Novice: 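Please find one structure pasted underneath; my questions will follow.
This is a predicted model, so every value here is computed, not measured.
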Amino acid sequence: MSKQAAPRKVGDKEALAVAPQIRGSAQNLNLVAGLIRGRTAAEAMNILALSKKAMAVDARKGLASAIANAENNHNLDVDALVVAEASVGKSITMKRFATRGRGKSTRILKPFSRLRIVVREQEEA
């Protein structure tokens, strides 16, 4: 009498990877995610490798994880993978304080973001 397995969150020809805490704002991460949406997996990896944006390093790790999940867990063809979805959301925010003049202090917010990447195996057309 064990628990039933949770249903899959994506389709049969899809694989998912989530990077839950990427240091940086969701707005900056979304700029990087927009570069890879709808592209083939190999092309997206090259774009992220050559991007000057700092968030591209963590986004590339998330994409590599999604590709590895597709290959190892779902037996999908790596050469036929396309980035079907790259969604970004807010995660935690670290709060820090900086001392200011006259005995006052200011709050510093250090945001984290989450990245959800879904890759889909595209049929040959």
Side-chain angles (χ1 to χ4, degrees):
M1 295 291 231
S2 63
K3 269 187 181 178
Q4 287 185 339
R8 284 198 57 180
K9 292 182 164 85
V10 292
D12 290 338
K13 295 282 187 180
E14 294 179 339
L16 168 73
V18 178
Q21 290 182 345
I22 295 177
R23 177 69 178 85
S25 70
Q27 185 174 12
N28 289 344
L29 184 57
N30 196 34
L31 291 174
V32 174
L35 296 173
I36 63 170
R37 285 189 189 107
R39 308 223 183 215
T40 63
E43 187 181 357
M45 287 294 278
N46 289 336
I47 288 171
L48 293 176
L50 298 174
S51 176
K52 291 183 179 179
K53 298 217 172 261
M55 303 288 264
V57 175
D58 293 320
R60 188 166 189 258
K61 288 180 185 177
L63 179 59
S65 177
I67 294 169
N69 289 343
E71 182 179 13
N72 299 319
N73 300 344
H74 305 297
N75 299 323
L76 300 179
D77 181 20
V78 176
D79 298 326
L81 291 179
V82 173
V83 179
E85 177 186 329
S87 59
V88 176
K90 284 188 194 176
S91 185
I92 63 169
T93 301
M94 286 195 306
K95 281 108 178 161
R96 298 292 181 261
F97 288 96
T99 55
R100 303 302 297 263
R102 305 173 117 199
K104 297 181 181 175
S105 63
T106 302
R107 180 181 257 193
I108 296 174
L109 300 177
K110 298 189 174 192
F112 283 75
S113 309
R114 68 189 312 271
L115 177 64
R116 180 179 191 265
I117 296 180
V118 176
V119 291
R120 177 182 299 134
E121 188 176 45
Q122 191 174 37
E123 298 81 24
E124 302 300 322

Novice: For V83, run the side chain to side chain contact (heavy atoms under 4.5 Å, CB included) check against I67, T40, L63 and tell me which one passes.
Specialist: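 For V83, the side chain to side chain contact (heavy atoms under 4.5 Å, CB included) check succeeds only for L63.
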Novice: Per the side chain to side chain donor-acceptor pair (under 3.5 Å) rule, what does the pair list look like for residues 16-27, sequence neighbours excluded?
Specialist: S25-N28
Novice: So, does T93 use its side chain to make a donor-acceptor pair with the main chain of L109 at under 3.5 Å?
Specialist: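 No, the answer is negative, given that no donor and acceptor are paired below the 3.5 Å cut-off.
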Novice: Of the non-hydrogen atoms in V32 and A56, which two are nearest, and what is the gap between them?
Specialist: CG1-CA, 3.8 Å
Novice: Please tell me if the side chains of R102 and R100 come closer than 4.5 Å, counting only heavy atoms from C-beta onward.
Specialist: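 They are not in side-chain contact.
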Novice: Kindly indicate whether the side chain of K95, heavy atoms from C-beta on, has any atom under 4.5 Å from the side chain of R107.
Specialist: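 K95 reaches R107 side chain to side chain.
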Novice: L31 versus M55: any side-chain heavy-atom pair under 4.5 Å?
Specialist: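 Sidechains of M55 and L31: no contact.
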Novice: Is the backbone N or O of A98 less than 3.5 Å from a side-chain atom of S105, with the two atoms forming a donor-acceptor pair by type?
Specialist: no
Novice: Taking the side chain as everything from C-beta on, heavy atoms only, tell me whether R39 gets closer than 4.5 Å to I47.
Specialist: yes
Novice: Heavy atoms only: give me the nearest A15-A66 pair and the separation to one decimal.
Specialist: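 Distance-wise, the nearest heavy atoms are CB-O, 3.9 Å.
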Novice: Give a yes or no answer on whether the side chain of N30 reaches the backbone of A26 with a donor-acceptor pair at less than 3.5 Å.
Specialist: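 A pair under 3.5 Å: no.
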Novice: Tell me whether the count of non-hydrogen atoms from other residues, nucleotides or ligands lying under 6.0 Å of CG in D12 goes above 12.
Specialist: no
Novice: Would you name the heavy atoms of V88 and A33 that are closest together and state the gap between them?
Specialist: CG2-CB, 3.9 Å
Novice: Taking ILVMFWY side chains as joined if any heavy atoms are under 4.5 angstrom apart, and letting links pass through other members, which residues group with L16?
Specialist: V10, V18, V118
Novice: Just so I know, are the side chains of L115 and D58 near enough to count as touching, which here means a heavy-atom distance under 4.5 Å?
Specialist: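 Counting from C-beta outward, L115 and D58 never come under 4.5 Å.
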Novice: Using a 3.5 Å distance criterion without hydrogens, assess whether the side chain of E121 forms a donor-acceptor pair with backbone atoms of D77.
Specialist: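 It does hold such a pair.
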Novice: For residues S87 and R37, report the shortest heavy-atom separation together with the two atoms involved.
Specialist: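 So the minimum-distance heavy-atom pair works out to CA-NH2, 4.5 Å.
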Novice: Looking at G62 and I117, what are the two nearest heavy atoms and their distance?
Specialist: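 Minimum heavy-atom contact is C-CD1, 3.9 Å.
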Novice: Grab the two heavy atoms, one from R114 and one from S91, that are nearest each other, plus how far apart they are.
Specialist: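 Looking at all heavy atoms of both residues, the closest pair is N-CB, 4.3 Å.
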Novice: Taking the side chain as every heavy atom from C-beta outward, state whether E14 and K9 have any pair of such atoms under 4.5 Å apart.
Specialist: no
Novice: Rounded to the nearest 0.5 Å, what's the gap from CD on E43 to CE on M45? Could you check?
Specialist: 13.0 Å
Novice: When you look at CD of E85, are more than 12 heavy atoms from neighbouring residues, nucleotides or ligands closer to it than 6.0 Å?
Specialist: yes
Novice: Is it possible for you to say whether V78 and V119 belong to one hydrophobic cluster, with membership spreading through side-chain heavy-atom contacts below 4.5 Å?
Specialist: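 In one cluster: yes.
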